[in-house]
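So the structure is just underneath, and the comments pick up after that.
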Amino acid sequence: MGIGPEMELEPAQGALLVADESGRGSHRLVLPASCQAPLPALVQQAIDSGALLGNGPIEGQVLLEAGAWRLGLSQLGELQRTLAGRGLELVMICSSQPHTHVAAAGLGILSQWPNSAAPTSPAKPDSDLQVHQGTLRSGDHLETSASVLLLGDVNPGARISAAGHVLVWGRLRGMAHAGCQGDNTARIVALQLRPLQLRIAGAVARGPEGAPPAGFAEEARIVAGAIQIDPAQPIWPLSG
Amino acid sequence: MAATSTRYILICSGKGGVGKTTLTANLGIALAKQGARTAVLDADFGLRNLDLLLGLENRIVYTAQEVLAETCRLEQALVKHKQEPNLALLPAGNPRMLEWLQPDDMRKIAAMLGEQFDYVLIDAPAGIEGGFKNAMAAAREAIVVTTPEVSAVRDADRVIGLLNSEGVKPIQLVLNRVRPKMMANQEMLGVSDVTDILALPLLGLVLEDEQVIVSTNRGEPLTLTGNSSPAGRAYTNVARRLQGEEIPVIDPSKERQGLRAKLGRLMQTKIF
């Protein structure tokens with residue numbers, strides 16, 4: 001028996017050592033979400049219980065999933081020694097804390113961001129607004145690293161994409177991509193929102209069909225993982 | 001007339017088969033009939049057929065290729081129309097010409113024509129590649145031809161974007177092969193649907209007309225034989241508007257009478 005490595009594990013209080021049963025990869029040492037308890041005790045406990053779950057003591061390479069734990073050089077060094085004493089070699093650290101990454105680099109341990117997303121990528125350049133005047137015709141592609149305000153239409157076959165919000169003072173009938181660098185809170189607003197396709201961050205939706213409501217600007221945003229269209233709010237910067 | 005007042009007009013569409021060459025031939029004849037000295041330049045070197053439509057194929061001795069190579073004078077290459085001496089055709093060279101022709105060469109040809117003519121109509125090839133870019137280099141203004149079909153409108157939109165970026169101005173629109181019945185029944189894109197997307201002034205509206213096919217095969221443009229057919233009348237009106245006359249463009253789908261048309265119009269009206 002044992003817990004498969006493909007299962008998502010979120011230990012509430014204690015740390016968890018998940019044995020790699022395929023024998024090819026490394027074991028996973030998962031730290032709890034709360035960063036309060038003393039680390040050495042947690043790790044000892046995890047190793048002991050891991051040995052109980054599996055068929056004998058676990059040995060080999062270990063991937064540490066540190067989550068939001070802020071680990072210094074000394075803490076990490078101690079952890080490495082504790083593991084080494086049990087025949088375990090710390091080879092990689094997965095962490096969302098830049099501090100931990102620095103410490104890992106100091107010890108010569110590989111480190112990675114959770115889901116390989118660097119903290120700089122979901123930029124929110126709310127205040128930064130680029131204004132572009134003129135209609136985007138078929139084949140045109142307007143792309144900015146900020147939010148964009150287009151004074152004109154986006155014709156079928158044209159594309160507009162921005163790292164922030166996409167605002168169209170005109171008819172949006174082509175393709176729009178807001179938050180193209182991963183910002184889930186980005187929105188698409190247009191006086192007439194009838195695009196062929198909408199994209200916000202990683203979500204994709206086909207445009208609505210039928211006649212648009214006259215005289216109302218519309219806004220698309222992500223609600224519960226899906227793109228939803230509502231009447232637009234007359235506020236700037238867009239928030240909430 | 002001074003060369004500076006010559007109008008260099010590109011006739012283009014993006015999509016093939018929408019009626020660029022037919023418009024060029026008819027417009028050329030109509031303008032010539034109205035007294036303007038007109039040259040039509042076939043820039044579709046790969047698939048030339050403006051000479052066929054004008055019925056001048058068997059009179060071609062030299063082409064633009066020889067003029068550029070300076071093996072003949074421009075006057076030798078120009079083919080005057082049989083019935084309309086105001087109209088002359090400068091034929092395209094062989095398809096191989098495409099490989100070495102540069103935008104500068106087209107400008108050179110157009111400038112030479114400008115010395116003798118009031119209008120230089122340039123029949124662009126379909127597509128947006130080299131051939132089209134060569135043709136565009138010689139033009140100052142443009143007429144975009146499209147049909148009320150989604151694909152033709154999409155391609156026209158792309159072409160307009162390219163013309164804008166090259167500073168070709170003004171750009172006017174001719175909507176070709178319109179079927180009023182289908183438009184009234186909303187089985188075809190309406191005039192406003194097209195002008196909404198392309199946002200260009202409408203220079204003319206040409207109805208679908210079987211006579212166009214007959215005239216093409218005969219090599220006698222409709223505008224040459226008289227104003228009997230609807231398409232012929234439309235082409236003549238395009239020429240007159242181009243000369244600055246004020247002739248209103250009538251939306252045929254709005255013109256239809258009868259109960260069915262009225263119902264159709266009623267359904268088009270949006271109530272909110």
Side-chain angles (χ1 to χ4, degrees), chain A residues 130-144 148-162 166 168-177 188 190-198 206-219 229-232 234, chain B residues 10 12-16 18 126-130 132-133 136 142 144-173 175 186 188-190 192-201 264-272:
Chain A
Q130 284 189 14
V131 181
H132 180 90
Q133 194 161 4
T135 291
L136 295 187
R137 293 190 180 271
S138 174
D140 294 345
H141 185 188
L142 178 65
E143 196 172 10
T144 73
V148 63
L149 170 62
L150 181 78
L151 304 173
D153 295 349
V154 179
N155 277 356
R159 289 179 66 184
I160 183 166
S161 52
V166 172
V168 180
W169 189 262
R171 288 174 288 216
L172 173 53
R173 288 182 289 202
M175 215 182 97
H177 191 177
I188 299 168
L191 293 189
Q192 198 194 86
L193 194 67
R194 282 298 171 274
L196 293 171
Q197 197 184 83
L198 281 177
R206 282 196 310 275
E209 281 169 19
F216 288 107
E218 288 181 297
E219 162 183 278
I229 295 174
D230 298 303
Chain B
L10 179 71
C12 56
S13 69
K15 189 175 180 292
V18 296
I128 52 169
E129 291 83 24
F132 169 74
K133 286 187 172 142
M136 181 164 62
V144 173
V145 189
T146 188
T147 58
E149 291 163 69
V150 179
S151 56
V153 171
R154 185 70 63 91
D155 293 357
D157 197 34
R158 180 99 178 88
V159 161
I160 295 161
L162 293 172
L163 291 170
N164 279 336
S165 67
E166 285 293 313
V168 178
K169 226 170 25 174
I171 308 170
Q172 299 179 92
L173 183 68
L175 191 53
Q186 298 199 298
M188 190 180 228
L189 287 180
S192 60
D193 293 331
V194 177
T195 52
D196 258 12
I197 289 177
L198 300 182
L200 292 183
R265 278 204 295 279
L266 202 68
M267 283 167 75
Q268 267 184 320
T269 322
K270 296 177 183 90
I271 307 157
F272 290 105

Contact class of Ala199(B) relative to chain A, heavy atoms under 4.5 angstrom
both
Contact origin within Asn164(B) toward chain A - heavy atom pairs under 4.5 Å:
side chain
Would Arg137(A) and Asp153(A) pass as an ion pair if we require N to O under 4.0 Å?
no
Mind listing the closest non-hydrogen atom pair of Ala176(A) and Val166(A) along with its distance?
CB-CG1, 4.5 Å
Quick one: of Val153(B), Asp155(B), Leu198(B), who has the most non-hydrogen atom pairs under 4.5 Å with chain A?
Leu198(B)
Any donor and acceptor pair, going by atom type alone, linking the side chain of Asn155(A) with main-chain N or O of Ile197(B) inside 3.5 Å?
yes
Can a donor-acceptor pair be found between the side chains of Thr147(B) and Glu149(B) at a distance below 3.5 Å?
yes
